[in-house]
Amino acid sequence: SVTVTTTNDLFDKRITREIAGVITAADTSQLAIEVEEYVLTNEAAKGLEHVLEAYTNYTNANGVWISGFFGSGKSHLLKMLAHLLGDIDGHDYPRSKVSEQFRGKADGAFLPALIEKADRITAKSLLFNIDQKATLISKDQNDALLKVFVKVFDESRGYYGNQGHIARFERDLDHRGQYDAFKEAFERIAGIPWNQGREQSALEAAHIDQAFAEVNGTESPGIIRQYSANYSVSIEDFADEVAAWLAKQPEGFRLNFFVDEVGQFIGSNSQLMLNLQTIAESLATKAQGRAWIFVTSQEDMEQVGGD
């Protein structure tokens, strides 16, 4: 008898399956396939082991810089880390499944044990490409990088990240326990939901004032204009906000920022590089190891922001 074997029969997986040529950090539509297809090379395994050892045994470092040339897989690794170390809003693929896959990819006993240890740290991952999130933010501004971090953090709490002063207004209402009542009042008065009204706040100013007066008990004409005039951001305030949010979470809970293509965003702007370092240091001080920053760059850290 003659046995006929096709090329496809020689492999565990179908060789004609579709595999994305470029992995985008913020796109989670094909996450299950990307996790399954991820190849944990010896070099990547060593790097992951080093990262997890620091992450699960915090001393004072809370930043991870992943560098590599274009197409080397740094965005893919960042994405895997984000899903391995925390939950991501709006995505159903279980973190436990990512962990299970990675333990199966790891050789030896040390790395699987570290992955299991990291599993026990509950966390939220904020994964984003910094250029995509920097809409309406000019890189020429010295606080451009900070503004992106603030925007992403605001959006993660359901606030309007595109306009920082409106997000601040929402946060203040939330802290006073009036946010839900304000949204209900605004929709009743304006005839549109707040999520739509805040995008056209200049046109809805009168309705915002009415809704605010209703929930606050006092009139404050031009409340959004007041917030706009007085709005500013600082690294210290941002770190305080993150620490205050973490204080309301379960003990040991972490908030991790996974930022793709930071090196490209910073370029030769030494002020932006200094700001990134200061953000990481301030979060380490204020949040006591419960807030981490993971970034990717085509350049090594020493080569970025040099001018």
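Everything numeric in this text was worked out from a predicted model, so none of it was measured. Worth knowing before you read on, the calculation uses all heavy atoms, side chains too, and leaves out hydrogens, waters and symmetry mates.
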### Partner residues of Gln288 under the side-chain contact (heavy atoms from CB on, under 4.5 Å) criterion, sequence neighbours left out
none
### Message
Within the structure provided, determine whether Asn57 and Lys117 are in side-chain contact (heavy-atom separation under 4.5 Å).
### Response
yes
### Task
Say whether Phe110 and Leu84 are linked into one hydrophobic cluster, either directly or through other cluster members, by side-chain heavy-atom distances under 4.5 angstrom.
yes
### Message
Quick check on Asn42: does its CG atom have over 12 non-hydrogen neighbours (other residues, nucleotides or ligands) under 6.0 Å away?
### Response
no
### Task
Quick one: list whatever passes ring pair (Phe, Tyr, Trp, His ring centres under 6.0 Å) with Tyr231, sequence neighbours left out.
none
### Task
Kindly write out the residues that satisfy salt bridge (charged side-chain N to carboxylate O under 4.0 Å, His left out) with Asp87, not counting sequence neighbours, or none if the list is empty.
none
### Query
Are Glu34 and Met80 side-chain neighbours, meaning at least one heavy-atom pair lies under 4.5 Å?
yes
#### Entry: Any side-chain heavy-atom pair of Glu261 and Gln298 under 4.5 Å
yes
### Task
Scan for ring pair (Phe, Tyr, Trp, His ring centres under 6.0 Å) pairs involving residues 262-281, sequence neighbours excluded, and state none if there are none.
none
#### Entry: Asp143 side, atom CG; Asn275 side, atom CG - distance, nearest 0.5 Å
7.5 Å
### Partner set under side-chain contact (heavy atoms from CB on, under 4.5 Å) for Glu236, not counting sequence neighbours
Ser234, Asp240, Lys286
### Query
Residues in side chain to side chain donor-acceptor pair (under 3.5 Å) with Arg171, at least two apart?
Glu241
### Query
Looking at CG of Leu85 and CG of Leu52, how far apart are the two atoms once the value is rounded to the nearest 0.5 Å?
6.0 Å
### Min side-chain heavy-atom separation Val259-Leu276 under 4.5 Å
no
### Min side-chain heavy-atom separation Ile130-Ile266 under 4.5 Å
no
### Query
OG of Ser282 to CD1 of Ile235: how many Å apart, nearest 0.5 Å?
5.5 Å
### Flag side-chain contact, heavy atom, 4.5 Å: Arg254 against Ile121
yes
### Query
Got a sec, which residues hit salt bridge (charged side-chain N to carboxylate O under 4.0 Å, His left out) with Arg95, two or more places apart in sequence or on another chain?
none
### Message
Quick one, Leu274 and Thr278 - any side-chain contact, counting heavy atoms below 4.5 Å?
### Response
yes
### Query
Is there a donor-acceptor contact under 3.5 Å linking the side chains of Asn216 and Arg176?
yes
### Residues clustering with Tyr227 (ILVMFWY side chains joined when closer than 4.5 Å, directly or via others)
Tyr159, Tyr160, Ile166, Phe169, Leu173, Tyr179, Phe182, Phe186, Ile192, Trp194, Ile208, Phe212, Val215, Ile223, Ile224
### Message
Can you confirm whether more than 12 heavy atoms, excluding those of Gln200, are under 6.0 Å from its CD atom?
### Response
yes
### Message
Assess the residue pair Glu299 and Ser297 against the criterion (side chain to side chain donor-acceptor pair (under 3.5 Å)); give the C-alpha distance rounded to whole Å, side-chain angles, the decisive distance to 0.1 Å, and a yes or no.
### Response
CA-CA 5 Å; Glu299 299 81 21; Ser297 171; 3.2 Å; yes
### Query
Just how far is it from atom CG of Asn62 to atom CG of Leu283, taken to the nearest 0.5 Å?
6.5 Å
### Query
Linking Ile, Leu, Val, Met, Phe, Trp and Tyr by side-chain heavy atoms under 4.5 Å, what else ends up with Phe69?
none
#### Entry: Any residue meeting salt bridge (charged side-chain N to carboxylate O under 4.0 Å, His left out) with Lys133, in chain and number order, not counting sequence neighbours
Glu155
### Query
Who passes side chain to side chain donor-acceptor pair (under 3.5 Å) against Asp131, sequence neighbours left out?
Lys139, Gln264
### Any residue meeting side-chain contact (heavy atoms from CB on, under 4.5 Å) with Arg103, in chain and number order, not counting sequence neighbours
Ser99, Glu100, Pro112, Ile115, Asp119
### Query
Is there a chain of hydrophobic side chains (I, L, V, M, F, W, Y, each step under 4.5 Å between heavy atoms) that links Tyr93 to Ile88?
yes
